[in-house]
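What follows is a short report on a single structure.
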Amino acid sequence: MEKRTFTHPLPRREIEKGFELLIGENRLFGAELNIDIIKKEHTGKKFLVKKLPSRRKLLSRWFLLFRDLVSPADFLALLSAKIQEFEHREKMLLVGKDRIIYDTQIVHAGEHVGEMTLFFLSEMDRNFGLLDYLRGRRRRIVYIDHIRLSQQSSGYASSLFRHYEELFRDLGFHQFRLSASLSVGKYYWAKEGFDCLNRDEFLRMKEGLREYVKARGLPVEETDIDRINHAYDIALFRRDLKIPAFCNAAGYYSLEKNEWHREEQKVPLGKAFLLSTKPWDGYKVIYTNTPRKTGMIYSPGYLDHRPRAGHPESRRRLEKLLKAIRKDDLHGSLVFLEPYVPNLRFIEKVHPAGYLESFRNGVRSGQKTFATVDCSISEASYDVALLAAGGVMAGVDAVLNGRVQNVFCAVRPPGHHAGRESAMGFCFLNNVAVGALYARAAYGVERIFILDWDVHHGNGTQEIFEEDPRTYFCSIHEHPTFCFPGTGRRMDRGKGEGYGFTLNLPVRPRTADGEFLDLFEREVIPEIETFRPDLIVLSAGFDAHKDDPIADLELTERSFVHMTRRICEVADRHCQGRVVSVLEGGYNGSSLTSSAIAHLKTLQGRSEPCTSAKG
C-alpha cells in the first residue's frame, strides 16, 4: 500500500463521507462495553454489537482519537492491508462509549487462520493533568485486546505490527498496550520490545530469574542479571545457555516437569523463563512524531554525589533538566532506561584496580576532595561514579541490542578529564571510555568514533585511546592557552599504532556559531566519513554556550542542534544510526537545559536534515 502522510485535519465532510461509506458496506456498528451486559450473553467477547451512536457522537469520538487526520473508510483500509498474502475478512469498526474497536478474521490462502481485535482509546497523561486532557492533550493508546494465529512461524505478526507501528505513530498514538497471557506471547511480545506496564511487576520478574539461576547453580554472573533493564533484555538473555523447559498439549510451559507439563525441550535461558512466567500487562512506546527511537538514561541516584556548597558541578544541573523534560512534550516520546552498577571487570578495562581502590578508600574515609581540589566528594561519590559509568553501559546495551537507535545518558559526575589513574576537572571515572570498551568487549564493536564537543579538552579520553587505532578521538574545544586543562593542541595526533587517530581542533575565545560550525563541517565530518565507525560516542558538554560561566565561547543552541543532526546523518550512513551521547559539562542551568533539550529533540529526528554549516 502506498505510503500515506497525515499532516492536516480533513474537512468534516470527508469524515462524514467515510462513515457513510462504511455504513453502506455494513462495516460500522456501535459497541456495548458494559461488563455486566456482556457476561449475560456468554460470547467470550469483550464487546457486543449494537446500534450506532448519533452522528454528533460519531464525529466527536473520531476527532478525539484521530484528530480527523484520516477518514474512517481509509483507516479501515490501512488496518486491513494485505501483508505476506494474509488478508483480513469480515472486518469492521465499532464505536463504543470511550473507544473505537477494530475486529477482523485473518485468512491465508483462503483458509481462516486467526482473528484480531484492537481497541483505540485515550487517557489522561499524568505529566500534564486534567485541564490539558479536557483540551485534547491526552495519551492515545492502541490496545491489542486479542490476536490469535495458527501459523506462528510465518513472520506475519511481526510484519503486521511493523506496519501498525508506523501507521499509529504517524496518526499521533503514543503507546501499544496488551496483556501477555498466552505462553508463546509472553516471550514474543517481550522480543518485540514490549515491557511490563507495572515496573514492580518487571522487578519481580527479574528477581525471579535471579532466584532460578541461583537455585539451579547456572553459570551466570549476578552482575549480568543486574544489567537487565527491560522485558526485552530477558527475552534475549543468555541465548547461548539452553535449559530444559516442559510443555503441555496446549502449548504452555513450565520450568518444572510435572503431570501437566511432560514434553521436555531445550530452550535458551531467557526465553524459557519468559515462556513460564505468569501473564503480564505490557506496553510499547510508539514514539509519536519522532522519526528516531531515542533512549534516556537517568537515575535519582545521580543526585547523591554532593560536592561542596557552591561547586559548579551540582545536583541542580540534572534536577533542572529533568524538570524541563517533564514540562516539555519529550517525556512521553523518550524511552527511559535505568542504569546499573557495573561489574568492575569492565571498569578495570579503563581504570586499574589500584586506582579504583584509592578512590573508594578516599570516599569511605570521609575526605572532602580526591586527587585535586576541584574533585570535591561526598559519602556516595564512589557509588554514584560507578552508576554513571554503568549508565553509559546501559545506554550501549539499549543501542546495540536494537531497543533504541540512539541514547542520551544524563549522568553525573562527568568523566572526560579522568585518565587511567587520575581524577581532575570534576571527573573520577571516564564514562565514555568505559562505554566504548564495553561495546567492544560485550558486543564486538570494532571501530568507535568518540567526538568530544565540551568546551574543555577531553584530556583523559585522549590519554586512554591515544595508542588505539580502532578508536578515533576527536575534540573540538577552546584553545588550551586560554582554557582548562591546558591540553589538546593541533600537533597531538596520537601515539604508536594510534598515530593519526586523534584530532584536536582548538578554537579561539569568543568563537561563535558560524566559525565553529564551519570548522566542524570542514574537519570533523570528513574524518568520520573516512573512518567509517561502527558506533559513535559523544562527550556532549554544553559549556561552550555563550551563557556558561566557566569558559569563553559564544555558541548558541543552534550549534548543538546542527552537530547532533549531522552526527545522526553520518551514523545513519555508517553504523545504522547508533549514537551514544553522554553528558559532560554545562554549568549554567538555563543554557544547559535548553541545549540538552535541543540535543534530545534532534536525536529524535524532530528537525529537517541539514547538509551544510549554514543549517
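None of these values were measured; they are calculated from a predicted model.
- To the nearest 0.5 angstrom, Phe560 atom CZ is 9.0 Å from Ser594 atom OG.
- Proximity of Lys320 to Lys323: side-chain heavy atoms (C-beta onward) are nowhere separated by under 4.5 Å.
- One N or O on the side chain of Ser365 and one on the backbone of Gly362 form a donor-acceptor pair closer than 3.5 Å.
- Using a 4.0 Å cut-off between charged side-chain N and carboxylate O, Lys293 and Glu165 make a salt bridge.
- When ring centroids are compared, Phe516 and Trp453 stay outside the 6.0 Å threshold.
- Separating the CD1 atom in Ile597 from the CG atom in Leu321 is a distance of 6.0 Å, to the nearest 0.5 Å.
- Distance alone, capped at 3.5 Å, places no donor-acceptor pair between the Tyr472 side chain and the Arg447 backbone.
- Between the Asn406 side chain and the Leu603 main chain, a donor and an acceptor come within less than 3.5 Å of each other.
- Nearest heavy atoms, Ala598 versus Val561: CB-CG2, 3.6 Å.
- When side chains are defined from C-beta on, Phe370 does not count as touching Val363, because their heavy atoms never get closer than 4.5 Å.
- If you check the side chains of Glu466 and Thr502, you find no donor sitting under 3.5 Å from an acceptor.
- Salt bridge annotation for Arg470-Glu497: absent, with no cationic side-chain nitrogen under 4.0 angstrom from a carboxylate oxygen.
- With contacts defined as side-chain heavy-atom distances shorter than 4.5 Å, the pair His230/Asn401 does not qualify.
- Side-chain atoms of Asp374 and Glu313, non-hydrogen and from C-beta on, never get closer than 4.5 Å to each other.
- Between Ile234 atom CD1 and Phe273 atom CZ the span is 6.0 Å, to the nearest 0.5 Å.
- Asp513 contributes a side-chain N or O that, together with a main-chain N or O of Thr556, makes up a donor-acceptor pair within less than 3.5 Å.
- Looking at heavy atoms from C-beta onward, Asn588 lies out of side-chain contact with Phe542 at the 4.5 angstrom threshold.
- At distances below 3.5 Å, not a single donor-acceptor pair connects side-chain atoms of Arg169 with backbone N or O atoms of Ile286.
- Applying the 6.0 Å contact sphere to OH of Tyr283 captures no more than 12 heavy atoms from other residues, nucleotides or ligands.
- The heavy-atom pair separating Gly301 from Val384 by the smallest distance is O-CG2, 3.5 Å.
- Taking 4.0 Å as the cut-off between side-chain N and carboxylate O, Arg292 and Asp572 count as a salt-bridged pair.
- The residues Arg490 and Asp492 are annotated as not salt-bridged, no charged nitrogen and carboxylate oxygen being separated by less than 4.0 angstrom.
- Using a 4.5 Å heavy-atom threshold, the side chains of Asp195 and Tyr232 count as separate.
- The structure places CG of Leu303 at 6.0 Å from CG of Leu318, a figure rounded to the nearest 0.5 Å.
- Around CZ of Arg508, the count of heavy atoms belonging to other residues, nucleotides or ligands within 6.0 Å does not exceed 12.
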Exercise. Kindly determine whether Arg403 and Asp397 satisfy salt bridge (Lys or Arg N to Asp or Glu O under 4.0 Å), including the steps that lead there.
Key: CA-CA 8 Å; Arg403 279 196 56 216; Asp397 289 332; over 6 Å; no
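- Within the 4.5 Å cutoff, the side chain of Arg566 has heavy atoms near those of the His562 side chain.
- The closest donor-acceptor contact from the side chain of Glu584 to the backbone of Gly415 lies under 3.5 Å.
- Side-chain contact, Asp534 with Tyr443: no donor N or O sits under 3.5 Å from an acceptor N or O.
- Ring-plane geometry between Phe426 and His311 is classed as perpendicular, the angle between the planes exceeding 60 degrees on a 0 to 90 degree scale with a lower cut at 30.
- Looking at Pro480 and Pro506, their side chains come closer than 4.5 Å, going by heavy atoms from C-beta outward.
- Residues Glu192 and Ser158 bring a donor and an acceptor atom of their side chains to less than 3.5 Å of each other.
- A side-chain donor from one of Arg606 and Ser333 sits under 3.5 Å from a side-chain acceptor of the other.
- Scanning all heavy atoms of the two residues, the minimum distance from Ala371 to Ala423 falls at CB-O, 3.8 Å.
- Under 4.0 Å is where a charged nitrogen must lie from a carboxylate oxygen, and between Arg440 and Asp468 at least one such pair does.
- Residues that satisfy the ring-ring contact (aromatic ring centres under 6.0 Å, His included) test with Tyr382, not counting sequence neighbours, are Phe359.
- Between the side chain of Arg238 and the main chain of Pro219, a donor-acceptor pair closer than 3.5 Å is present.
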Practice problem: Check the pair Cys375, Thr369 against side chain to side chain contact (heavy atoms under 4.5 Å, CB included), reporting the backbone distance first and the verdict last. | Solution: CA-CA 5 Å; Cys375 286; Thr369 61; 5.6 Å; no
Exercise. Just do the side chain to side chain contact (heavy atoms under 4.5 Å, CB included) check on Phe176 and Phe161 with the steps written out, would you?
Key: CA-CA 10 Å; Phe176 281 121; Phe161 281 96; 4.2 Å; yes
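- The backbone N or O of Gly354 lies less than 3.5 Å from no partner atom in the side chain of Ser358, so there is not a single donor-acceptor pair.
- Looking at every heavy atom in both residues, Met393 comes nearest to Val434 through SD-CG1, 3.9 Å.
- The pair Arg364-Asp383 counts as a salt bridge, with a side-chain nitrogen and a carboxylate oxygen less than 4.0 angstrom apart.
- No hydrogens or angles considered: a donor-acceptor pair under 3.5 Å links the side chains of Thr487 and His457.
- For the pairing with His456, the side-chain hydrogen bond (donor to acceptor under 3.5 Å, both in side chains) check across Asp454, Asn459, Asp452 returns one residue only, Asp454.
- The pair Glu319-Arg316 does not count as a salt bridge, with every side-chain nitrogen at least 4.0 angstrom from each carboxylate oxygen.
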Quiz item: Does the side chain to side chain contact (heavy atoms under 4.5 Å, CB included) test come out yes or no for Ile476 and Leu503, once each step is laid out?
Solution: CA-CA 8 Å; Ile476 181 167; Leu503 176 63; over 6 Å; no
Exercise. Determine, stepwise, if the pair Val582 / Val411 fulfils side chain to side chain contact (heavy atoms under 4.5 Å, CB included).
Key: CA-CA 7 Å; Val582 182; Val411 303; 4.0 Å; yes
Pair up each side-chain donor or acceptor in residues 344-353 with any protein partner under 3.5 Å, not counting sequence neighbours, and list the distances.
from	atom 1	to	atom 2	distance (Å)
His351	ND1	Gly419	O	3.1
His351	ND1	Arg420	O	3.0
His351	NE2	Asn430	N	2.9

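- With sequence neighbours excluded, the residues satisfying side-chain hydrogen bond (donor to acceptor under 3.5 Å, both in side chains) with Thr223 are Asn343.
- Judged by distance alone, with hydrogens and angles left aside, the side-chain atoms of Lys368 form no donor-acceptor pair with the main-chain N or O of Val373 at under 3.5 Å.
- For Gln462 (side chain) and Phe473 (main-chain N/O), no donor-acceptor pair under 3.5 Å exists by modelled atom type.
- Closest approach of Pro339 to Ser299, counting heavy atoms only: CG-CB, 3.5 Å.
- Arg493 CZ: more than 12 foreign heavy atoms inside a 6.0 Å radius.
- Of all the heavy atoms in Ala439 and Ile448, the pair that sits closest is CB-CD1, 4.5 Å.
- Results of the side-chain contact (heavy atoms from CB on, under 4.5 Å) test with Ser581 over Leu538, Ile297, Thr294, Ile567 single out Leu538 as the only residue that passes.
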